[in-house]
Each structure stands twice: as structure tokens, then as C-alpha cells.
Amino acid sequence: MARSLLIKGAMLAATIAVVLWIGWPAPTKDAPSQAEPNQPMTVQATPPPGSVAATAPSKVDLNRASVDELTMLPGVGPVLAQRMVEWRKAHGRYRSVEDLQGVKGIGKKRLEQLRPLVTIKT
């Protein structure tokens, strides 16, 4: 009987050690409850408020965008965004999206990536 209790105690201690080592999964607000397996799972279709997708405009106006707005474009970091703004200051407003090729760091591939995301408003 005592040997059985020692074995069970050792198994319990090993289980606790594994749980502590791996980490116990903490329930999240968005995760479905595991206690209700037959309930349908809902999927959030809209991005949460404050995310980049929720705050990003549909198209960025190259003649009015700030450095921060330009960095929200894919593949455009702070250095490239600053170059885009400096090109605008040096050459006047962008007349077409193709003018982006005059900015150091924007080639044909990057231009085609940005084309659907930017606009030139008059």
C-alpha cells in the first residue's frame, strides 16, 4: 500500500513538473472555451480597433502623405519614406505613380508592389 502511494505521488510530482516546465495554457479573450466543445466557433471578420489594417487608408496620396503614413506601406521603412518625402520637396509634387522610380530604393518591382496602394490626387 505504501509503495502504491509513493508511485502515485511520484507520478503526480512528475506531471506537475511537466506542466510547470511547459507552461499552463492561459485562456485568451478571443479563444473559444474548451468547456463547450459542441458550440459553434465564431471567426472575427473585422480587424480589432487600433490595428494597422483598421487604421490604414485604402490608398495613400503621395503628395500629402507624411513619413509615418508612408511607412505603413509594405516594403517601405522609415528611411525609404523619408526619401519619398525629400523627393517631393526637391522636385515638387508627384505627377504620376511612375515618379516613384526617381526615389533611390524604388525600382520596377517595388513600384508594382506599391502601385495599387498609392494615388495621386489633384
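- A donor-acceptor pair under 3.5 Å links the side-chain atoms of Glu69 to the main chain of Ser66, judged by distance alone.
- Taking the side chain as every heavy atom from C-beta outward, Val60 and Met72 never approach each other to under 4.5 Å.
- To the nearest 0.5 angstrom, Leu62 atom CG is 5.0 Å from Leu100 atom CG.
- Residues Gln113 and Leu117 share a closest heavy-atom pair of O-CD1, 3.9 Å.
- Annotation: ring pair (Phe, Tyr, Trp, His ring centres under 6.0 Å) contacts involving residues 98-122, sequence neighbours excluded, are absent.
- Within the 4.5 Å cutoff, side-chain heavy atoms of Ile106 are placed close to those of Met84.
- Judged purely by atom type and a 3.5 angstrom limit, Arg115 has no side-chain atom pairing as donor or acceptor with the backbone of Val97.
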Which side-chain N or O atoms in residues 73-83 pair as donor and acceptor under 3.5 Å with protein atoms at least two apart or in another chain?
{"from": "Gln82", "atom 1": "NE2", "to": "Glu86", "atom 2": "OE2", "distance (Å)": "3.3"}
{"from": "Arg83", "atom 1": "NH1", "to": "Lys104", "atom 2": "O", "distance (Å)": "3.1"}

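- Interatomic distance, NZ of Lys59 versus NZ of Lys121, reported as 10.0 Å (0.5 Å rounding).
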From CA spacing to verdict: side chain to side chain contact (heavy atoms under 4.5 Å, CB included), Asn63, Ile120:
CA-CA 7 Å; Asn63 290 319; Ile120 307 294; 3.5 Å; yes
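- By the side chain to side chain donor-acceptor pair (under 3.5 Å) test, Arg64 is found to be paired with no residue, residues two or more places apart in sequence or in another chain being considered.
- Sorted by first and then second residue, the ring pair (Phe, Tyr, Trp, His ring centres under 6.0 Å) pairs with a member in residues 91-122 read Trp87-His91, Trp87-Tyr94; sequence neighbours excluded.
- Applying the ring pair (Phe, Tyr, Trp, His ring centres under 6.0 Å) test to pairs two or more places apart or on separate chains, none has a residue in residues 1-20.
- For Ser96, the side chain to side chain donor-acceptor pair (under 3.5 Å) test picks out Glu98, with sequence neighbours left out.
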